[in-house]
Structure formats: C-alpha cells, structure tokens
Amino acid sequence: MAEHEAYDIHGVEAKWLPIWDRIEPFKSGRADDARPKRYVLDMFPYPSGDLHMGHAEAYAMGDVIARYWIQKGYNVMHPIGWDSFGLPAENAAIKRGSDPREWTYENIAVQKASMRRYACSFDWDRVLHTSDPEYYQWNQWIFLQMYKKGLAYRKDSPVNWCPDCQTVLANEQVVAGLCERCDASVTKKKLNQWYFKITDYADRLLDDMDQLEGKWPEKVLQMQRNWIGRSIGAEVAFEIEGRDEPVTVYTTRPDTLHGATFMVVAVDSLLAAELVKASGAEEGFAQYLESVKAATDIDRLATDRPKSGIFLNRYAINPVNGEKIQIWASDYVLADYGTGAIMAVPAHDQRDLDFARAMGLPVRVVVETGEEDPNETGIATIGDGTLTNSGSLNGLSKSAAIEKITAELEAKKLGKAAKNYRLRDWLISRQRFWGTPIPIIHCDSCGEVPVPESELPVALPSAQGLDLKPAGTSPLGAAADWVNVACPTCGKPAKRDADTMDTFVDSSWYFLRYTNPTHATQAFDKKLVEEWAPVDQYVGGVTHAILHLLYSRFFTKVLHDIGLLNFTEPFTRLLNQGMVLMDGSAMSKSRGNLVRLSEQLDTHGVDSIRLSLIFAGPPEDDIDWADVSPSGSLKFLNRAWRISKDVESAAGCDFSKGDLALRKVTHKSLRDISLAVETYRFNVAVARTMELVNATRKAIDSGCGPEDPAVREAAGAIAISLSLVAPFTAEEMWSVLGHEPSVALAGWPVIDPVLLEEDAVVAILQINGKIKDRIEVSPDISDADLEKLAMENPEMSAALSGATILKTIVRAPKLVNIVI
RNA sequence: GCCCUGGUAACCCAAUGGUAGAGGUAGAGGACUUAAAAUCCUUUCAGUGUCGGUUCGAGUCCGACCCGGGGCACCA
C-alpha cells in the first residue's frame, strides 16, 4: 500500500497560495452572507522591518480562533492593517535622508508579503494604514469632537521629556524613570501641551471592568486597576496663620486627624512658593528646591532614600483640636497628586514617621492597634484598632471613625469625602514629524481655533527640505508653506499647531475603521459597527496591557457618549500570547540569539512553524524556541498527510458502515478538539489531533485496514482539525481525499452523540482511598450494582475481611471507595 | 513592601476534587536497509516546590512559606 513518497512541504505552499488568492475563502461581509457575524482581531503590527517570531506566534493564535469559528459556520471578520506612524520611521528617514513615507511603505510591503506566505486568514480587502491621510483625518475629527466636549485641552505643566527622542512622553511611556523607547533618563520640562481628559473616565474605566471579568486575563485587569489607582478618603481644610484661604489636604485616613502633628507641602508646588514668601525661610527653600530639581527621577524613585525637607516658618491649625502645627516643604509629597499638600500623621504613616524622626517632629498615637509604639520602633502602625487621643472618636474602630469624622467635617464645612486617582490626563502632543497633525490653528486675535471639519484632513507636508532631526520643537514648524495659514475665524495670518499626536491615538479606534476602511465621509458607519463590534476576540501581547488597551477603552466610552457607539467596552474577550524567547531571553540581534522567521520558514515550512508555535505550550506562556522541535512538527504533518494517501475507500462512501472503534475515536477527538480550542488550550487541541492520527495509523496498519470507510472519515476529520493550524497540509489532505478547496470552509463535522457513548468504562475500587482493583463496567451501571460488584471483588473482599465498614462512597460508573 | 501569576518525568507540557500521563522532544532497544536517512514498532523516566489543613479521596480547594515571571511602588 505505502509507496514512500515524501511530503513536499514547500511544494504545497506554492500550489495552494495562488488558488486561495483566487477563491478568497476569508472574505467577510458579503451582502448575501447569512452566517452570524464574529469579529476576530489581531493587534496590528508596526512596520519595522520584516515579521519576526513574535508576530508569527500571535498571528498563528488569532488564526486558530478565526479559522475555528469559520468552520463552526460564522461569518468571521479577521482584518489586518498597519500602525504605521511613529518614531522608527522618522529615525530611519533621518539616517537615510529620505521621507519617512518611503521606509514605512516599503516595510509594509515586506510584511504584507510575509503574512500572505504565512497564510493568515485575513480579509485583504479591509487593510488600513494609520499613516494614510484617509485614516488620520479621522484622528483629527475625533480630536475635534473631544475638543468640543472639553475632553481635549491645553495646559502648562511639567512634562516628561526624553532628551534623546527630543519629545514629550506620556506617563505610560516612562518606565522606572526611563524612556520606554530608548531607555534615556527622562527629565521634566515645563511646556504647554495638549491633553485628553482620560481622568474624567477613571471611575468608568475601573467599574466597567466588571464586564471583562473572566474574559480578559486577570493579570491585565489587575494592571489596569493598579494604573488607575483609585483611592477613597477625604479632603480636610486647614486654616493657615496669616493666610485668608485655608489649605485643603487629601487623606485616606481621616480617622487619624487628631494625630496630624505637622503639614507637608510639595516643594515644587505653587502653594509652597506662596507660603514661603516673606517667611524668612526663602533662602533655604530656594536652595532646597534647586537640589530637588537637580535630582533625577531615578533618584526620586529610590524609596529607601532619606527624607529631606525644609521648615517654611509657617503654621497651620488642626481643625479638630485647634493645635498649631508646623508646615514643611518636601519632595516626598507630590505636587500633582491630591492637593499637593498633606496632613502628616507620623504614628500611622511610615513616610510621615520617617520624616518626623529625621526632623525631630512630634509623633502622637491615635489608634491603639496592639502593635509596639512607633515612637520607639520607628515603624508606623497602620492596622485596625481603637481610636484614642481623638476626642469624639475615642473608642471607635478605624472604619467607624472614618465615617464619623467625615460626617462631622462635612457638617462643619471643613471637609468632605473625596476620591483620588493615580491616573493622570493623557498627554498627546509630540514634537515630531511622522504623526497626525493636531487640527488647531493659533491666531493672535482669536486664540486657539479648531480647523473646520470641512477642511480635514490637515495633511502632513512633504518631508522634502525639512530637517527632521530632533530639536525640541516640531519639524513641522519649519514648513513655512504648511504652518502659515489664514485664521478660519478672522482671516488674519495665523499658524497651525506644529505638534503631532501620540501614535496611541491611531490605535485607539482602528478596530472600528475596519468595518469600512475606505469610508470617505465618516470615521465609521454606525450601522456597520453595530453589526460587527465590539470585537469578539482580541489577540495580542501583554506589553499593551495598560497603554493601548486603556486608551481604546477610553475612546470607546467617549465615542459611546457622543452617540456613535452602542457599547462601552471595545474588546469582549482578550487573549495575550506569550513571547518567543531563545535560550531563556528575549531575542535580539545584539544578544546574538535572534531566530529569523524567514529562515525558519525556508527550512521547516510554514505549517511546521505554525504548528510548533501552537503546540509548544499554552498560548499565554512564553515559548523558548530552544525547546521547540520544528522538525518534529514536520514529522507529524508528514504522518497526517500519509493517512490521507493511504485511504482506499471511495469518496462519498457511507461512514456509518465503518469500523466502530475508529469512528468512536474520531468523534471523541472532534469533540475534545472543539472544547480545547474554545478554552484557548490550542496545544491540547493539537495533542488530540495527534492522538487521532496515531489511532488512525494503527487502524490502517493493524486494524480495520485502509479500505474501511472509518479511515476516510478519520482522515477528513484530521484535515479539518489541521486546517486551524497547518492550512497547507490540511488543504493538501482535503484534496487528496477528493474534495474541492477550500478545507477552511469545509465546516466542522457533525458529532454523533451515539458515538460518544462508551461501551465499557473502568471503575476503580478503593479502600480508604487506596486502589485495590479496577473492573470494567457498563457506563450506565447503577450505584447499587457497582457497589455490589465491588463487594464481590476478590481483592476487595480479601482486604475487607474482618473489618468494620464505616462508610461507602459510590460514584457510578467511576469509583467505589470503602472506608474501614 | 503590596498585588497578580506559575512551580508535574532529562526537557516542553496534559490531567470536570476520583487510575498522575494525553501529546511531543530527547534517550534506549528492535524491524526494514549493503549502510545511513526516512518510516514503523517497543521502551526507560516523576508522585506533582515545602509544610500544614479541609475531604472517604487533593496536582486540583484553603492557609503559611520557598523559588521563578509580571505589575504597582514616597500616590498621603
């Protein structure tokens, strides 16, 4: 039977790609398509060079889901595009003395070719590039809608500045004091910049996570919660000697108000500057402020560094006990969190205690927690306890005291319950060329004037003649023809805003644009979006857990509030694939452990690489390529393919006449593969397919033989299962079995429940949980019958002789456990 | 420091609270071959990080600790 013709992995690639191009199995949204819709989305790539192993893994994962849903009868939209604005293009253009457009679109072409070779199930009619004016004009349009709602605004503020990239960064782009892109140490710079008011949505971003519970990885939800950092507490007003207005502080522990023995204001705050005026402490303050400014963020981030500060020669009055307390300035209080001023309760806050001990300030315990005295140990007591030294609060618990004092403060108009967030507004201005121009015109007479919507897009000028080298201001400012315009309101000479938007704006709504990527008069068609969105399954790296996903959620809520969307969360289910490592660390050229995708594909073939990436482990785990055996994958594909070659029954034969044992394996495998795919256990789905191949091999060689219809049925099931992971091999098998392409549209086989029933199962007989024997029983045996068999079993009765039975547990048909 | 994860064979990984092993890699032996490759068959290998608890029964649930990965971190 077996002529040992070798499986030609590269031959099938060349054979099927053009055929698929012709029949387009993955076109979505045809007008006459009655199948229910599903939306599978892979995070779109940034076009930096060719695709790498990480892309290969992510797109293989997305493909499993998309292709599975297609087999299950859905009309699946699985689009792809390019996140094509950004700094690398600009840096490359500077190096090459060319326009960023050239580098960008060349790379897109390279990546696109690789994706086609990789046989992703993308709908190629939906491609978008964020650097096309047809796309980014809608960034500008959305910006203008946000501007109208007061959600886009400008302010002077100290911002994160990367001296290497020569541009500002969002808080999210600063990692441990370093620029996430180039690792340069980030400094502060006071600039007038554009912001999106994401803080207005902090509560909803937090509370709407209820919708995502169980559907997004817990890790991502946790990261977002951390990032938003909501805290609940109270604001309390302190009178200041020699000042008309009181100073409000924010605290999460209003119960400890009686223990507030001094006040601290942020040294770099306006309040500090004001309080120090005419206090006699000006000189020392100025020196201290200088030393703080000289320190980098890295130094500031070291939590164990000693407290520093300066007494401002000013006093506040504790509102609950009238006590006069000193006001200090320090850098351990942040100017842009809360009110930039705190009441210090050294007994019950470690930072305040460290400061008090360093400066010799008083410490008063107001909550008895049963811990040792912080005065002696230097360790603040933060636990629950009983209030003391606290007037009306004495004897109360922490939570009761918080409730009572908050009410009292509110009644006396001295304070109120308050919330604060770690989240800051999203700074979107960038002083770079290759991004979306901000659609605002600055006019000396009219001020800030939005570009009329009818004049969008504000298209980027040619980079020709512009110096793109980072210089601290946007290169667009030098494009005289572009920047100088007439004011839309008064017609006088005015200037365009020369900054461009953070590229995270681009990716915050692209999933909506895919529903009609060429729409000329709207960002998206509301009706189409309602048909497809929200995205049913989003797939991408956990690196975007905060930035991109938080921004997209924010945009979705804003667009919902404007009335453009009927949902409030963009991505219903999220799958984070892990990274592809080599020898335990991330691949990089400099480390010398780079594995090139194209070389892997040349050597082992597309299907082997896809299969290897899927089979290596659970999707969310990192894969060490050193542990992976692509040649093993090829071996398996070869085995699968040979099954289809060995089939000797006629196409269209009656499966129901086939060998029952093999048919049962086939149907059980199909059920298990379905279940595994639906629960993201793609590696298990592959293992089950391997089992089916092994069983079929055995049936051919030493069982029912190749002419049995059950073998044909099994081969078909293998082809369809493999179509999720190894599309070329699957198509070839399908064709060998006498079917027309494409196997991708074959439809998931109907599982016959009768074939899932077992003839006999093995029941375990235990005594005290220890196995004594195994017996074969009918799957629908009753508890009583099984117990009877157990008692009659020789092993059991031997062990039971003379013993007293305390308890009998029967779980038919699987087990009997007798406790003696 | 706080929070989220994970720890099963030489390795990668499976196991609705019910036989620890499905699958693969590597290793060993064999069949085929002049030989090798390929193919096929057979096979070795852990008691689930540690300690305690719940349970008739724990890899699985609970608690503490150890180790790895990740997030937040002077946010009052």
Note: A:S608 and A:S633 closest approach over all heavy atoms is O-CB, 3.6 Å
What do you reckon, is CD1 of A:I382 surrounded by more than 12 foreign heavy atoms closer than 6.0 Å?
no
The glycosidic conformation of B:G47, counting syn as within 90° of 0 and anti otherwise, is syn
A:M223 CE to B:A73 P, in whole Å, measures 11 Å
Next item on the list: For the pair A:R225 and A:E213, find out whether any cationic side-chain nitrogen is under 4.0 Å from an anionic carboxylate oxygen.
Entry: yes
Of the listed B:G23, B:U39, B:U19, the closest approach to the A:R774 side chain comes from B:U19
The answer to which of A:S631 and A:V819 contacts RNA chain B further toward the 5' end, by nearest nucleotide, is A:S631
When A:Q222 and A:D336 are each assigned the nearest nucleotide of RNA chain B, the 5'-most assignment goes to A:Q222
Classify A:K770 by what it touches in the nucleic acid, base, sugar-phosphate, or nothing, heavy-atom distance under 4.0 Å. nothing
Classify the nucleic acid contact of A:I809 as base, sugar-phosphate or nothing, counting any heavy atom under 4.0 Å across all strands shown.
base
Exercise for review: Indicate, yes or no, whether a donor-acceptor pair under 3.5 Å links the base of B:G18 to the side chain of A:Q766.
Suggested key: yes
Q. So, A:R811 and A:D783, do they make that salt bridge, N to O below 4.0 Å?
A. no
Heavy-atom side-chain contact between A:W625 and A:Q600 under 4.5 Å = yes
Using the ring of A:F355 (Phe, Tyr or Trp, six-membered ring only), decide whether A:K307 places NZ or CZ under 6.0 Å from its centre and within 45 degrees of its axis. no
Listed pairs, N/O of protein and of nucleotides 10-17 of chain B, under 3.5 Å:
residue : atom : partner : partner atom : Å
B:C12   : O2'  : A:A616  : O            : 2.7
B:C13   : O3'  : A:N683  : ND2          : 3.3
B:A14   : OP1  : A:N683  : ND2          : 3.3
B:A15   : OP1  : A:R681  : NE           : 3.3
B:A15   : OP1  : A:R681  : NH2          : 3.2

**Study point:** Separation between the P atoms of B:A73 and B:G23, rounded to whole Å
**Key:** 47 Å
